[in-house]
Each structure stands twice: as structure tokens, then as C-alpha cells.
Protein chains: 2
Amino acid sequence: MGATSRVTLADVARAAGVDVSLVSRVLRGHDVKVLDETRQRIVDQARELGYRPNAIARSLRSSKAGAFGLVIPNFSNPVYAQIIAGAESAAARNGSVMMTTSGEGWDRAEWYAALDSGRVDGLLVAGGSPVELRNLRVPYLLVNRSEPGIDRFVVLDDEKAAGEAVRHLLELGHRDLAFVGGPEDADTARRRWAGFEAAVAAQPGATAVQLPGDYTAAGGRAAVADAVRRGLRVTGVVAGNLPSGIGVLEGLRDVGVPVPHEASVVAIHDAEIAEYVLPRLTTVRMPLRELGARGIELLTTLAPDEPVAEVVADPIGLVLRDSTGPVA
Amino acid sequence: MGATSRVTLADVARAAGVDVSLVSRVLRGHDVKVLDETRQRIVDQARELGYRPNAIARSLRSSKAGAFGLVIPNFSNPVYAQIIAGAESAAARNGSVMMTTSGEGWDRAEWYAALDSGRVDGLLVAGGSPVELRNLRVPYLLVNRSEPGIDRFVVLDDEKAAGEAVRHLLELGHRDLAFVGGPEDADTARRRWAGFEAAVAAQPGATAVQLPGDYTAAGGRAAVADAVRRGLRVTGVVAGNLPSGIGVLEGLRDVGVPVPHEASVVAIHDAEIAEYVLPRLTTVRMPLRELGARGIELLTTLAPDEPVAEVVADPIGLVLRDSTGPVA
DNA sequence: CTGAAAGCGCTTACAG
DNA sequence: CTGAAAGCGCTTACAG
């Protein structure tokens, strides 16, 4: 482990017989004009001693953390995994590490204070309470959500995605369509409903109804099962997200409606789990990686208080599996 | 955003008409004996100015990062979500933030250097190449794996878990048992096989066979399907992990063996996805949260180079669902 | 009870 | 081409 007293710039300088400032310049690979021999001595000694720059000291001096934070509500949603992957790649290109956290076990306020303390150059916020954001010093950006009164966010083109789902169902001949929504405070669900409704309205004779959901499998299951039991006529269902879609599959089974023979189901968002359910779930793939990457790019290029309201629209596309088919 | 020039201790000190050192002591809530009136003035001014301590400066001064890192191979495996959750809670209790990262997009060596630079007080390593670990300055601990030549790790009681799975199948009357293994380099798979074999051996007349897997659904599917096609007689299958188990379900369907009527399947590890497949998958729940939490505890209590080889054994337990039943 | 000083490990003008 | 100085924002002995 060799956690024995870290080697500092001063150690290298002493060993090489030069000043620390010269070591710093040489090792950082700056504009330095040094004798080849001196440079060699410095580089050799640095390697010999196993010198590693101290990021903390560098940060303090330069007021640059070399790190970005990503706040998510929890790690068990595959949607976040994709956002994280995109953000990590973009951060790497920037030479910054990505540090993702969900603040489980912390008091919200304390936790935000701990994050907002110079440790990161910017914060991507994909979850957590928006109230605390206002007081943040560090530049932040909402990803995959917008919030009234917050003028910095990147979202996906939820309307387009819902529209794709509807058009797929319409092409298969479905006319009685239902949308399983999300929780009250999810702006994504509102936009998806808007896209759903608009796409249905474009088809004469087609009807749109919204079923109350909460973005969970249990919610989706109950929503469709209840609706069918109450006599709702529906052959095409668009689920607001993946868990809902899986729930819808179960709900339809509960009430004896075979999928895709008597009803088709499409969910917004794609992830591996869609392959594992039965029938394999048709989805609309969303550019989540691209969203995460774009978030980091904006954080690195925008002024800290520059407003931004961006929509990442591509690539969005239907992933055809077994839960959709022609109308019976 | 107010990203305008951060407020420092010096600003508060000036406003309160005292020295920075006093402000530091008061705000840190140390042993300080101060006039109530002075303390009040300091506290008021700090709030008034919106002072937030700079974690970087504090770190540099105290050589304590107040953060722990967790390295995982990727975020899309639900097993890691549970480890992360446990680690975050434990870190919070310690007043430290947890920063999780997978290094996607980085060159391994560069990335380890970026992590090993004073940013964290310790590193929990649940993935990534072990070779780089040797050169690390920061104290680290392997979680959920062991590695030859590395004497710091916490693992789960994989043998016990496999044993539980086997005993469940034996109780149901199954005697021809198969284990779907993991990749060559997964020590967890070796331990699970050992536990499987020992438990089967304890039952006279029972037979154990190992099928080659790779911890993926595709691997599990191919393994059982091939085995059955080749004429292997098996009614009880233990899958080395969750994806394998889901694959086994599909493989059995491929070759027309109904589950649980003609074969039972149990997977090691439990997560929400087990509820979503058909039939719902019986699993052995592993203490992953506890593992993550224990990792952080050890990192905070152990000397940096103190060896540790710990097994987190509880709670391990069967989660009975629909993929197991009495022998036909 | 409070202040002045030193120093954590760097980087960046500024001299020479 | 190289060195000496200042300073990033803190904390912690040490004085008084």
C-alpha cells in the first residue's frame, strides 16, 4: 500500500537539486524552457520517488476541482445507469473524474452543503429536491427534468418519443389508445402525455385516454387492470416509463387480455430489462447517454449563471420486440 | 446561483471584527471558550454572508478528504446498486460523502492516478483491474471479491448462499442438480460452486454437475439449453447469479421444459428484476447493503495497511417465488 | 478569551 | 534557463 508519507513536489525538487517551481512546470509539461539534462533529472527523480501530484493542493491553488458531481435519487433505476455512463465519458474527455452520489443516509441540507464545498466544478442534478439548488454556489444543471423557476436544464424530447410510440400503434391499426402517466411532479410524464395526445389527435377516429400511474410497475399494473375491469375499451397502451410498462404487461395478464394478440404495449425508455420480460417489451429508446454527456459539456462550456434550456432529441427510436402487433 | 466570489473565513472574520482563527474555532464548534456575544457576532455574520467552508482547503490542511470512493465496473448491474446504498449510508454516518465511479471513458492507469490523489480517504473496489491497486497510496479494500496477493477484502458467504439454494431444491425432492457457473476469473463463482457441491454431497443419491456460464443471461440460456439437448438429466438448477438465472429460465423454455413443473430454478442474489420475469424467480438474498456498509466501516477503522479478510454472512435467505416447486 | 503565525502542497507571475 | 515569493482557504499549536 505504501501509504507512507506521501512524496511531494518538494521531495522531488530536493532530490533533483532544483526549485519546486521548476519541478511543477516541468511535470505539468508547460511552456518551460529547461535544459534537457535538468528536465531528465526531474522526470527521473519523480518516477524514482513515485511522485503523484496532490489533487487537493492543486485544486486549492487553481480553484478547479477536476471533478464533476452527478446527483441521482437512487442507483437502482437503469435509466440513470445510462445517464451516468454518458456523463463519465464526457468528463473523461475533459480530464475530470465523475463522482456520482445519491445522498442515501444524509440529511438533505447537510448533504448539499457537503457537495457544494469546492469538491466539484459543477453538479448535474437528475434527482433530489430542487429547493436546495437555489442556494448552491457551484454551477449546476438539471438533467432529464425541468423545474419552475430554474433556468438551467437539459431534457429529452419526451413529446417526440411518445409520438413515436403512438404512431407505431396507429400503424398497427390500433385506435383506442391509453397512456399510463407518471407521478404528479414528473414533468417528463406531462410532456409525454402531451406528445401522446397530439399524435392521437392527428389520426381521425382515434381516441386517447390517460390512466393514472406513478412510474412504478405496481402502479402500471393496477392502472390497466382497473381500467379494463371498469370496462374501458383499449387495444394500445403507451406506458410512461419502463417499470410502468412491465406493470402494464402484468395487469393485462391479471385481467386475461393476451399481449400482443388483443392489446399492444409500448414503453418509453429502453434498457436490458425489456428483453427479460414476457412478452419482450417494445420500447422507445431515449438518448440517455447523450443526455448525460451533453450535461457535462454544457457545464464545462457555459458561464456559471448562463441560462440554458436544451432538448436532446436524437437518437430516439422504436425498439420493436414482442409486445406489439396488429390489431385483432 | 450567486457563484460570485466565494465567501471565506477571512470575510467573516473581517465582518465580525475578529481573527480568522477564532472564526474557525467557533464555527467548527470546538472547545472554544468565547464570550457569548463574540460567538453570536461570528455566527450571525457567517449566516449573513452565507459562509460555506471550503472542503478543499480543509482537506489540504487536515489531510482528510471527508470522502470515500467506490469503484465499480458499471452501473447497470442491480447488485452494485445495493452495495452503493449500503456504502452511502455508512459514509453518511461518518460525515463523509460517497463518490461512486466506473471510469468509463478513461484510460485505466490515468484514471487510477486521478482517484489516488488525495480526493478520497479510502477506496472501495468492487470492480476494475487489480494490477493497478498495488501502487495505490490511498487505503483500499476489495468488496465482493478476493484476489491472490491482495490481503484486504470483504466478501459474502457465497458457499452458504449456494448451500441454501441446494437445500431448498433437495427439500422439494430434486436429486439431479446443476450449477451454472461464472466467468473464469470470478472467485465468487468458485465459492458458490464449492458450496453447491458440498451441499449436494451431503445428500445421498444426489448428483451435482457444473455448467459453464459467464454471469450473463445469454450465457445461462445457452448453458442449460445445450445441456438438455445433449441429454443431461436435471430437475434442479442453481444459477450463479441473477442474469444467469433469467437466462436459465429462457433456455429451459427454448427446449420445452416447463418451470417449475419439470424443473426448478434458483438464482444467487436478489433484486427487483426477479419479480418481473416469468415465472417469478426464486432467489437467495445476499447481504449486499451490509457488505457496502461494512466496507466503509473497515476503511474508517482499519490502519491503512492492516490486512483484513472478512466474510459478511448475514442476512442470507431464500426468497421463495414461482420458479421452484416439488419434483414432478 | 482572542490573536498572530506557520504550514498543508501546489501554481503562477515576477525576477534575474 | 532557473529561483524565490506569494497565496489558494483553512486549522492548529502557541502566545498573551
Side-chain angles (χ1 to χ4, degrees), chain A residues 5-43 45-46 49-67 95 113-114 116-119 121 137-138, chain B residues 5-43 45-46 49-67 95 113-114 116-119 121 137-138:
Chain A
S5 58
R6 276 193 77 88
V7 176
T8 71
L9 223 40
D11 297 322
V12 179
R14 201 173 309 118
V18 296
D19 188 80
V20 289
S21 62
L22 189 56
V23 178
S24 172
R25 277 167 284 174
V26 167
L27 262 29
R28 301 265 69 201
H30 279 345
D31 54 319
V32 255
K33 307 220 173 290
V34 241
L35 288 178
D36 276 359
E37 187 214 311
T38 311
R39 153 171 285 123
Q40 203 48 248
R41 228 171 43 234
I42 291 174
V43 171
Q45 288 302 329
L49 298 175
Y51 172 71
R52 304 262 186 104
N54 180 324
I56 295 295
R58 182 180 299 171
S59 283
L60 181 57
R61 176 58 227 234
S62 59
S63 318
K64 245 211 108 243
D116 188 21
S117 60
R119 262 191 256 265
D121 296 315
R137 258 77 174 152
V138 69
Chain B
S5 58
R6 276 192 77 88
V7 176
T8 72
L9 223 40
D11 297 322
V12 179
R14 202 174 308 118
V18 295
D19 187 80
V20 289
S21 63
L22 189 56
V23 179
S24 171
R25 277 167 283 173
V26 167
L27 261 29
R28 301 264 69 201
H30 278 344
D31 53 318
V32 255
K33 307 218 174 289
V34 241
L35 289 178
D36 276 358
E37 185 213 311
T38 312
R39 154 171 286 122
Q40 204 48 249
R41 225 170 45 232
I42 292 174
V43 171
Q45 288 301 330
L49 297 175
Y51 172 72
R52 306 264 185 101
N54 180 324
I56 296 296
R58 182 180 298 171
S59 283
L60 181 58
R61 176 57 227 234
S62 59
S63 318
K64 246 210 109 244
D116 189 19
S117 60
R119 262 191 257 265
D121 296 315
R137 260 78 174 150
V138 69

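Just so we're on the same page: letters track the sequence lines, and every chain starts at 1. None of the values given here were measured: they were computed from a predicted structure. FYI, side chains are in, hydrogens and waters are out, and symmetry mates aren't considered; it's all heavy atoms of this structure.
Base-pair partner of C:dG3: D:dC14 (Watson-Crick or G-U wobble, both distances under 3.5 Å).
One can place CG of B:D11 at 13 Å from C1' of D:dC10, the figure rounded to the nearest angstrom. If you measure from atom CG of A:L27 to atom C1' of C:dG9, you get 13 Å, rounded to the nearest angstrom. Between the CG atom of A:D36 and the P atom of D:dT2 there is a distance of 10 Å, given to the nearest Å. Computed from coordinates, the B:R14 CZ to D:dG9 P distance equals 11 Å when rounded to whole Å. Taking atom CD on B:Q40 and atom P on C:dT2, their separation rounds to 13 Å, with Å as the unit.
Within 4.0 Å (heavy atoms only), B:L9 reaches at least one base atom of the nucleic acid. Residue contacts for A:T38: at a heavy-atom cut-off of 4.0 Å it reaches the sugar-phosphate backbone alone, with no base atom in range.
OP1 or OP2 of C:dT11 sits under 4.0 Å from a side-chain N or O of A:S24.
Nucleotides of DNA chain D nearest to B:R61 and A:D19 differ in position, and the one nearer the 5' end is that of A:D19.
At a cut-off of 3.5 angstrom, counting only N and O atoms as typed in the model, there is a donor on one side and an acceptor on the other between the side-chain of B:R25 and the base of C:dG3. The base of C:dA5 is not paired with the side chain of B:S21 by any donor and acceptor separated by under 3.5 Å.
Proximity note for A:K33 (side chain, C-beta onward) versus C:dT2, C:dG9, D:dC1: the nearest is D:dC1.
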